[in-house]
Protein chains: 2
Amino acid sequence: MSTLGLDSDSLALAGLCSSVPMVMKVGTMTKKQSQSGTIESVASALEKAIHEHRLPPGSKLGEDDLAEIYGVSRTQIRAALQALSHLKLVEHKRNRGAFVAQPTLREAREVFEARALLEPRTAHSAAARCTPEDVEKLRAHIEAEHAALAAGDNGRALHLSGLFHIEIARIADQETIAAFIAQLVSRSSLIIALYWRRRMAICESHAHDALIAALAAHDGPQAEELMKSHLLDLVSSLDLRNQVSAPGSLREALT
Amino acid sequence: MSTLGLDSDSLALAGLCSSVPMVMKVGTMTKKQSQSGTIESVASALEKAIHEHRLPPGSKLGEDDLAEIYGVSRTQIRAALQALSHLKLVEHKRNRGAFVAQPTLREAREVFEARALLEPRTAHSAAARCTPEDVEKLRAHIEAEHAALAAGDNGRALHLSGLFHIEIARIADQETIAAFIAQLVSRSSLIIALYWRRRMAICESHAHDALIAALAAHDGPQAEELMKSHLLDLVSSLDLRNQVSAPGSLREALT
DNA sequence: GAATTCAATATTGCATACAATCATGTCGAC
DNA sequence: GTCGACATGATTGTATGCAATATTGAATTC
């Protein structure tokens, strides 16, 4: 039985899962679709599930379970897990399997230092290149984010909030930096799952609104400053002080 | 027959290759060492060969060839190639195989923009934390680089020059940023192979010497400035103007 | 003679089968 | 009653074999 958070119900929610080719498992003579985007599909589905905190840090990602859930072979699951492992989203323990990564306190600090280094100046660049279409796209993101929040789906809101940051890097027309930021945003999602202190409300909406305004006005310095303070706000909503162990990792620490 | 630049001779040069476990291929009943670092070993060996320009951009990396060269199974070769693919060092073409990546002009510019964003401020941080042992290590790097240059081994010198930059990020105690820089340095090696104009001499030695001095003196602003100008020098030694095709990619473009 | 089609070969993509390793639960000894 | 050793089960790591696809060469036709 699957101990994953990915039962048939959440599978339907995953969105991208629907693009996983339907393999008619009637034996070995069936012509499979060989749609060949399976690895990326599985990786995307898992990534999304992790972003939305349906798979909390530390979750075991058994190969057989995933293979059965997605209806593909273990080989492709392994490839997808390996890809996510390179993004630091899953950790591989030798002969033990793959687990959703649990960033340490140190990693958490490093991730946000890297974001502080990359994102403000990227936002600056984006302001110069931002087109009306880009602004429209960003507004759509915000809107969807608000809708998700209103619906109480915090996970989805967080996911969309991450996409917002990645979109800004894309507007700056820097694919390489955008890839880095995408990775950092993904890891941030894990960090938030581990170190977020509930007392603090995530009032990102305002920050994002102001950012859009600055971008639309092509005000580079303002966008840079807003992004910087936005990231600082985000960090201050986390509990990154030294502590004996991260919440939830206790179980892992005592084995 | 192998069309790779990795005959038995260059195999011996690869250094890390010696850590590839010796599989006694006497059939299937032989107990292999199962040293289990094979994938990393192969990936490192390939990475080094690419850094040192023994495998120029566009080289075909046939799985069977590599499997025979390193005496391991195709499975591990595939895993190693996949890892390098995530570092953007090799490109996978569907049903065609793996090739040493050929960064486009656009990618080349992006890589150096990312470096310009990351490295100067990382050098700044490194200056504050730099210990005498770190300085010694950096000097050793420089020395080896000079030795390689004197021996006419430009490839090795380039490789060491890259390690120098990564070492600085490590001194800054930022593993996450160091990983990004490592990737960018690797890709820079490919970019140099494609777009370097021979007229320009690579006078990095001086820049590196000055950088060490600034780091040793804990002069953050100076280190930041030196790194910035060093990167600019490096870019100016490249030919990143628009052109019909990169040198060497002609063959590929006409197939 | 040149071009196009078709067959043959080589190479990758994929899945399955086996081997190795780790976790768990039981039995026995102290 | 508790601790330790062992056997069993489950899960990952690895290799090999087959199927699918691209490339190469030859033969045929215009």
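Sequence lines set the chain letters: A, B, ... in the order given, protein chains first and strands last, and positions in each chain run from 1.
When the nucleotides C:dA15, D:dA22, D:dT12 are ranked by their closest atom to the side chain of A:S73, C:dA15 comes out on top.
Atom CD in A:E63 sits roughly 8 Å away from atom C1' in D:dT11 (whole-Å rounding). Following rounding to the nearest Å, B:E40 (CD) and D:dG13 (P) show an atom-to-atom distance of 11 Å. Distance, A:D65 CG to D:dT12 C1': 13 Å, rounded to whole Å. What separates CZ of B:R96 from C1' of C:dT11 is a distance of 11 Å, to the nearest Å. Rounded to an integer number of Å, the gap from CZ of A:R94 to P of D:dT11 is 18 Å. One can place CD of B:E68 at 15 Å from C1' of C:dA10, the figure rounded to the nearest angstrom.
Here the side chain of A:S44 pairs a donor or acceptor atom with the backbone of A:E40 at under 3.5 angstrom.
Residues B:N95 and A:H92 both approach DNA chain D. Their nearest nucleotides, taken by heavy-atom distance, put A:H92 toward the 5′ side.
Proximity of residues 74-90 of chain A to DNA chain D (heavy atom under 4.0 angstrom from any strand atom) is restricted to A:R74, A:R78.
Shown here are the salt bridge (Lys or Arg N to Asp or Glu O under 4.0 Å) partners of B:R170, two or more places apart in sequence or in another chain: B:D134, B:E167. Every residue two or more places apart in sequence or in another chain that forms a side-chain hydrogen bond (donor to acceptor under 3.5 Å, both in side chains) with A:S188 is listed here: A:R115.
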Using the side-chain contact (heavy atoms from CB on, under 4.5 Å) rule, take A:I177 and B:E110 through it: C-alpha gap first, then chi angles, then the decisive distance, then the call. CA-CA 8 Å; A:I177 292 174; B:E110 284 193 3; over 6 Å; no
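The side chain of B:K60 places no N or O atom within less than 4.0 Å of a non-bridging phosphate oxygen (OP1 or OP2) of D:dT23. Taking 4.0 angstrom as the limit, A:K93 places none of its side-chain polar atoms (N or O) nearer than this to OP1 or OP2 of C:dA23.
Ring orientation note: the planes of A:H141 and A:F164 are nearly perpendicular, at an angle over 60° on the 30°/60° scale.
Using modelled atom types and a 3.5 Å distance limit, the side chains of B:Q174 and A:E113 yield a donor-acceptor pair.
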